Each structure stands twice: as structure tokens, then as C-alpha cells.
Enquirer: 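For reference, the structure I am asking about is given below.
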Number of protein chains: 2
Amino acid sequence: MAAQRPAHEGRERSADARSSQEHRNTRQRRTVVEALDTLEDFHSAQDFHRIVADRGGRVSLATVYRILQSLEDTGDVDVVQGDDGQALYRKCSADDHHHHLLCRRCGAAEDIEADVVERWAEQVGAASGYTQIAHTIELTGLCAQCTREVAGSS
Amino acid sequence: MAAQRPAHEGRERSADARSSQEHRNTRQRRTVVEALDTLEDFHSAQDFHRIVADRGGRVSLATVYRILQSLEDTGDVDVVQGDDGQALYRKCSADDHHHHLLCRRCGAAEDIEADVVERWAEQVGAASGYTQIAHTIELTGLCAQCTREVAGSS
DNA sequence: ATTTATGCAAAGGATTTGCAGTATC
DNA sequence: GATACTGCAAATCCTTTGCATAAAT
């Protein structure tokens with residue numbers, strides 16, 4: 001019923017409620033985490049599977065899903081729901097809350113901090129009597145590069 | 001690849017690029033649209049199918065999907081991707097661009113206009129050299145009612 | 001040795017599509 | 001009557017699961 005909601009809500013999570021569970025340090029887990037660390041932007045589980053495969057890693061799709069899910073539980077990845085309904089994962093780089101600006105065409109991603117919006121969200125929520133406001137904010141557009149390319153070909 | 005993007009982008013759509021196509025006025029279309037008009041908050045296609053059925057309407061699931069899709073194209077519904085990856089539809093009450101504040105607990109939804117953010121989005125995008133900025137902004141929280149109820153039971 | 005993780009294949013759930021039949025314009 | 005719309009069932013796509021096996025502690 002509720003709409004999209006990224007792993008990170010507007011609220012901060014207690015710094016100890018995540019990570020360092022008793023996960024077994026398997027090759028596939030290491031492989032996926034490494035891929036995750038390498039990539040800057042959001043990718044689907046299927047993407048990770050392919051990416052890992054391209055790099056010579058061999059991890060079954062089901063396992064990729066399981067690992068990603070486990071990382072989601074421990075708060076080590078950000079998750080957003082893609083347009084087409086597939087879940088997109090990205091390493092949780094900063095511990096602080098932040099948002100993204102994605103290029104619709106090439107997938108590039110930039111982090112953007114948004115004090116303004118943080119405040120705005122709290123404000124609007126409060127005005128309607130809502131509490132525990134969390135927000136999902138994603139900006140998409142065409143990066144400078146793609147803007148040029150698109151202009152050139154049209 | 002790109003992240004969630006609601007029916008309404010940050011851009012305004014030309015007031016005539018939507019609605020009033022040459023859709024045939026079929027019983028099933030009327031039925032679905034009526035349900036849509038009745039309900040205030042977001043519901044999945046499957047929800048609509050069931051709701052319509054409960055009211056005695058007989059519209060196949062596939063058709064519900066097709067109608068909802070067509071309404072999306074004409075800009076007559078707002079669409080957001082639910083947590084579990086299912087698309088949620090709601091009638092587009094206002095003609096202007098707006099966002100939502102949803103209650104995580106009871107699903108209530110409020111419209112919120114957000115000039116501030118509109119401007120902010122443009123600004124941030126431009127600062128990074130991005131063009132054609134679109135934004136997805138969803139606020140979730142606990143409505144006043146639910147806030148009370150939750151407080152009472154914990 | 002125990003216990004958790006992995007692979008594979010099958011199962012699920014949401015959404016789409018092909019096609020023949022039907023309703024609308 | 002032509003054409004768009006519907007229903008049904010099959011087909012996709014993403015994701016989850018059951019189960020036997022392999023690996024980690």
C-alpha cells in the first residue's frame with residue numbers, strides 16, 4: 001500500500017542495529033560486495049549477476065538475490081524501486097542521509113545533499129499532522145555528456 | 001536502470017497532451033474509472049480488479065491493466081512503485097504537478113504542493129550540469145490518527 | 001560435526017501479449 | 001462494417017523457495 005521507500009528513511013538508524021551479523025565469509029558474498037563497492041550507482045540484482053559474471057565471478061542469481069537481501073537487512077545497501085518495478089541496489093556509501101541525481105540515459109549518479117529538502121519534508125509532514133516523516137527523493141535527468149549527445153543526434 | 005519516476009515528472013506537461021483521446025466508452029472503462037474516482041488513495045491494478053469485482057463489475061484483470069495503462073498515458077492517474085514492486089494507481093485529482101504524503105500504516109494519502117522542491121530540483125540539477133530534470137518525491141509517515149494509535153499500544 | 005550458504009530448478013506474483021470474439025463508433 | 005476493446009490463456013520478467021550439496025566455523 002505504501003509507496004516507494006528507500007532502505008534509508010528520513011530517520012537515522014542506530015549505528016549498531018546493522019552490519020556485523022554472523023555472516024559467513026563466502027566467496028560469493030565477497031564477490032558481490034566487491035562489485036557493490038566498485039559501482040557508484042544503482043543496479044538491479046540481475047545487473048549484479050551479469051556484472052559479476054563478466055568479471056569472471058561465478059555466483060548464482062538466486063544467491064545474488066539472497067546476498068543483496070541480507071545486505072539490505074543489515075542496512076549496508078540503499079534500495080529503491082525502479083520504474084519498471086525492479087529493485088535497484090547501491091552500496092550505502094555515506095552513513096549520513098543523502099539523495100541521488102541519476103542520468104536517465106547513461107546511469108551515472110551523483111550524490112546530492114539536501115538540507116533544504118530535509119527541512120521541507122519535516123515541515124510539510126508536520127503541517128498535516130504526520131509524524132515520523134521519511135522521504136524518498138530521486139532526481140533524474142540527462143547528464144552534461146548525454147545532453148550533448150542527444151542534442152547532436154536529434 | 002533509472003530510478004523510480006512517477007507519472008508526473010518535474011516538467012509540466014502541456015495541458016493538451018493528455019486526456020480526451022478517442023477512447024471508446026466501454027462498460028469496463030467506465031467501471032474502472034468510476035472505481036478510480038471513488039478511491040482516494042493508491043491501489044494496485046489487482047486491487048482495482050478485486051474492488052470492481054466486489055461491486056459487481058466484471059472486468060478482466062488484463063483489461064484493468066490495459067485501462068490503467070491507458071489512463072497513465074493520458075495523464076489521468078498518478079502512478080508510484082510500491083515497496084514490493086507493484087505499481088500503485090490513484091486518480092490524478094489536481095491538474096498541476098504535485099506530490100504525496102502517505103501514511104505508512106493506514107495508507108491514507110494527502111496531496112502536497114511543493115514549489116520549494118520544484119525550484120530546488122531545477123537548481124541542484126543545473127548545478128551538476130544536468131538537464132531535463134525530473135524528480136520523484138514521496139513522503140511517508142504516520143498520520144495523526146495512526147500516530148495516536150501506535151503510541152497507545154507501545 | 002554443526003550450521004549456514006549455495007545452486008539448481010521449480011514455484012510465485014505481477015504485468016504483458018496473442019488471438020478470436022464482441023462492442024462501439 | 002471497420003476498428004478498437006475485451007477475455008482468456010499463455011508467456012514474460014523479476015524474485016523467492018525447496019531441497020540436496022558444499023563450505024565455513
Side-chain angles (χ1 to χ4, degrees), chain A residues 1-5 7 19-36 42-53 56-74 76-77 79-90, chain B residues 1-7 19-36 42-53 56-74 76-90:
Chain A
M1 196 78 295
Q4 65 255 89
R5 168 160 30 115
S19 293
S20 57
Q21 230 80 336
E22 10 57 359
H23 295 125
R24 290 192 173 173
N25 183 28
T26 66
R27 173 180 58 74
Q28 18 288 77
R29 193 180 184 86
R30 263 176 274 122
T31 306
V32 172
V33 170
E34 185 187 335
L36 202 49
F42 287 96
H43 296 278
S44 70
Q46 317 249 358
D47 284 342
F48 277 107
H49 181 244
R50 186 164 23 65
I51 291 168
V52 159
R58 203 141 306 121
V59 184
S60 83
L61 182 57
T63 297
V64 169
Y65 272 107
R66 282 189 277 233
I67 293 174
L68 250 18
Q69 215 166 248
S70 129
L71 288 171
E72 179 179 355
D73 290 340
T74 55
D76 291 314
V77 289
V79 190
V80 296
Q81 288 295 132
D83 278 347
D84 39 11
Q86 48 177 71
L88 302 175
Y89 304 84
R90 205 198 77 155
Chain B
M1 195 81 296
Q4 66 256 83
R5 171 162 25 118
S19 292
S20 56
Q21 229 81 337
E22 10 59 1
H23 295 127
R24 288 191 176 173
N25 184 27
T26 66
R27 174 180 58 74
Q28 17 289 81
R29 193 182 184 86
R30 263 176 276 121
T31 307
V32 173
V33 170
E34 186 189 332
L36 203 48
F42 288 95
H43 296 278
S44 70
Q46 316 250 0
D47 284 342
F48 277 108
H49 179 243
R50 186 163 22 68
I51 291 167
V52 159
R58 203 142 303 120
V59 184
S60 82
L61 183 56
T63 297
V64 170
Y65 273 107
R66 284 188 277 233
I67 293 176
L68 250 16
Q69 216 165 247
S70 129
L71 289 171
E72 178 180 355
D73 290 341
T74 55
D76 290 314
V77 290
D78 273 344
V79 191
V80 296
Q81 288 295 133
D83 277 347
D84 40 11
Q86 48 179 71
L88 302 175
Y89 304 83
R90 207 197 73 156

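Since we're looking at a predicted model, the values are computed, not measured.
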Enquirer: What is the distance, rounded to the nearest whole Å, between atom CG of B:Asp84 and atom P of C:dG12?
Expert: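 Nearest whole value for this atom pair: 18 Å.
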
Enquirer: Among D:dT15, D:dA24, D:dG7, which is the nearest nucleotide to the side chain of A:Ala87?
Expert: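 It is D:dT15.
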
Enquirer: With side chain to side chain contact (heavy atoms under 4.5 Å, CB included) as the test, would you mind laying out the steps for B:Arg29 and B:Leu71 before giving the verdict?
Expert: CA-CA 10 Å; B:Arg29 193 182 184 86; B:Leu71 289 171; 3.9 Å; yes

Enquirer: Within the pair A:Tyr65 and D:dT16, is there a side-chain N or O less than 4.0 Å away from OP1 or OP2?
Expert: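 So the side-chain polar atoms of A:Tyr65 never come under 4.0 Å of the phosphate oxygens OP1 or OP2 of D:dT16.
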
Enquirer: Consider the side chain of A:Gln46, meaning its heavy atoms from C-beta on, and name the nucleotide among D:dT6, D:dA24, D:dC14 that approaches it most closely.
Expert: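 Nearest to the side chain of A:Gln46 among the choices is D:dC14.
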
Enquirer: Which part of the nucleic acid, if any, lies within reach of B:Arg66 when heavy atoms closer than 4.0 Å are counted: base, sugar-phosphate only, or nothing?
Expert: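 Base, at least one base atom sits under 4.0 Å.
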
Enquirer: Between B:Gln28 and C:dA23, is there a side-chain N or O to OP1/OP2 distance below 4.0 Å?
Expert: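 B:Gln28 to C:dA23 OP1/OP2: no side-chain N or O under 4.0 Å.
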
Enquirer: Tell me: NE2 of B:His43 to P of C:dT15, nearest whole Å?
Expert: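 So the NE2-P distance, B:His43 to C:dT15, works out to 15 Å.
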
Enquirer: Checking A:Asp73 against A:Ser70: is there a side-chain donor and acceptor pair closer than 3.5 Å?
Expert: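 The answer is no; no qualifying pair exists.
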
Enquirer: How many whole angstroms separate atom CD of B:Gln81 from atom P of C:dG13?
Expert: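 Going from CD in B:Gln81 over to P in C:dG13 covers 19 Å.
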
Enquirer: Could you state the atom-to-atom distance from CG of B:Leu61 to C1' of D:dA10 in whole Å?
Expert: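 Between C1' of D:dA10 and CG of B:Leu61: 14 Å.
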
Enquirer: Using atom OH of A:Tyr89 as one end and atom P of D:dT15 as the other, report the distance to the nearest whole Å.
Expert: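 Atom-to-atom, A:Tyr89 to D:dT15, this comes out as 6 Å.
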
Enquirer: For D:dA23, does OP1 or OP2 lie under 4.0 Å from any side-chain N or O of A:Thr26?
Expert: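 Indeed not, no polar side-chain atom of A:Thr26 lies that close.
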
Enquirer: With distance as the sole test, does B:Arg27 use its side chain to make a donor-acceptor pair with the main-chain N or O of B:Val59 at under 3.5 Å?
Expert: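 Looks like no, no N/O pair under 3.5 Å.
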
Enquirer: Does the side chain of B:Gln28 come under 3.5 Å of the side chain of B:Thr63 through a donor N or O and an acceptor N or O?
Expert: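 No, because no side-chain N or O of B:Gln28 sits under 3.5 Å from a partner of the opposite role on B:Thr63.
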
Enquirer: Determine, stepwise, if the pair A:Val77 / A:Leu36 fulfils side chain to side chain contact (heavy atoms under 4.5 Å, CB included).
Expert: CA-CA 9 Å; A:Val77 289; A:Leu36 202 49; 3.2 Å; yes

Enquirer: Of the nucleotides D:dG7, C:dA5, D:dC14, which has the atom closest to the A:His23 side chain?
Expert: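 So the side chain of A:His23 is nearest to C:dA5.
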
Enquirer: Quickly work out the B:Asp47 CG to C:dG13 P distance and round it to whole Å.
Expert: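 My rounded result for the distance is 15 Å.
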
Enquirer: If you find the nucleotide of DNA chain D closest to B:Arg24 and the one closest to B:Arg27, which residue's nucleotide is nearer the 5' end?
Expert: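 Upstream on the strand: B:Arg24.
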
Enquirer: In whole Å, I'd like the distance from the NE2 atom of B:His49 to the C1' atom of C:dT16.
Expert: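 Computing the B:His49:NE2 to C:dT16:C1' distance gives 15 Å.
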
Enquirer: Write down the distance between CG (B:Leu71) and P (D:dC5), rounded to a whole number of angstrom.
Expert: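 Checked: the CG to P distance equals 12 Å.
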
Enquirer: When all nucleic acid strands are considered with a 4.0 Å heavy-atom cut-off, which category describes A:Gln69: base, sugar-phosphate, or nothing?
Expert: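 If one applies the 4.0 Å heavy-atom cut-off, A:Gln69 turns out to touch the sugar-phosphate alone, with no base involved.
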
Enquirer: Take B:Arg30 and B:Ala62, find for each the nucleotide of DNA chain C with the closest heavy atom, and name the residue whose nucleotide sits nearer the 5' end.
Expert: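 The residue whose closest nucleotide sits nearer the 5' end is B:Ala62.
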
Enquirer: So if I take every side-chain heavy atom of B:Val59 and compare against D:dC14, C:dC25, D:dG7, which nucleotide ends up nearest?
Expert: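 Output: D:dG7.
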
